[in-house]
Amino acid sequence: MEQFLSSDAFRYAVFPLVGAFLGIGIKHVSRNDRYAKFRKEDLAVGIELLLTACLTYVALTSDRAVALLQANKTMAEVVNAAAVDKARVAALHQSIQNLSAHVAMSGWVIALMFLGLWSVSSVVRLWGWKNEAELHGLIGIALPLVMGVLGLIAVMAGAR
């Protein structure tokens with residue numbers, strides 16, 4: 001199971017697509033029973049997927065910030081030890097550099113992701129509706145869905 005969960009197929013195909021299908025299914029089954037037929041608006045889960053990608057990235061960044069604090073604490077302990085293990089110091093130094101770079105860049109990435117979310121939402125609001133109750137297939141449903149799936153894929157790629 002761990003091989004499957006860590007595979008590229010899971011990260012870049014199964015996770016985003018299952019997320020989309022679950023969103024569609026939940027939207028369909030949560031509708032009032034009087035309107036239980038499947039409607040194309042049930043496919044409009046792209047904005048929710050983008051929000052999920054944004055929040056997942058924030059959680060990932062939070063985890064890396066915690067790991068950075070722990071690595072700095074460990075580094076202080078290793079450096080202050082009587083016998084300094086140079087190999088461990090070098091490994092910790094590399095880890096701290098990687099984590100620091102991610103945390104430092106994450107503010108910009110988070111801002112850009114939420115700007116993208118806001119932009120897609122605005123495009124749907126302005127041009128995605130045929131009328132009060134019906135979305136355009138391309139601008140109202142397909143564009144946000146593709147953007148949402150790509151957002152999840154990007155976050156999964158950044159999780160490495």
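We count residues from 1, following the sequence as given.
Taking 4.5 Å as the limit, some side-chain heavy atom of Trp129 sits within range of a side-chain heavy atom of Val124. Ile96 places a side-chain heavy atom less than 4.5 Å from the side chain of Met75. Asp85 places none of its side-chain heavy atoms less than 4.5 Å from the side chain of Val89. In this structure, the side chains of Ile24 and Lys27 stay at 4.5 Å or more apart for every pair of heavy atoms. Side-chain contact between Thr74 and Arg88 is present, with heavy atoms from C-beta onward closer than 4.5 Å.
Looking at every heavy atom in both residues, Arg11 comes nearest to Met156 through NH1-O, 2.7 Å. Minimum interatomic distance between Ala20 and Val149 (heavy atoms only, all atoms of both residues): CB-CG2, 4.3 Å. Among all heavy-atom pairs drawn from Ile47 and Val120, the shortest one is CG1-CG1, 4.2 Å. Of all non-hydrogen atoms in Ile153 and Pro16, the two that sit nearest each other are CG1-CG, 3.4 Å. Residues Leu5 and Phe10 share a closest heavy-atom pair of O-CD2, 3.3 Å.
Ser95 places no side-chain N or O within 3.5 Å of a backbone atom of Ala91 that could act as its donor or acceptor partner. No donor-acceptor pair closer than 3.5 Å links the side chain of Glu48 to the backbone N or O of Gly23. Ser100 places no side-chain N or O within 3.5 Å of a backbone atom of Gln97 that could act as its donor or acceptor partner.
When each of Leu68, Thr61, Leu60 is tested with Arg64 by the rule side chain to side chain contact (heavy atoms under 4.5 Å, CB included), just one qualifies, namely Leu60.
Note on Lys40 versus Glu134: salt bridge recorded, some NZ/NE/NH1/NH2 to OD/OE distance being below 4.0 Å.
Atoms CG and CZ, on Leu51 and Phe114 in that order, are 6.5 Å from each other to the nearest 0.5 Å.
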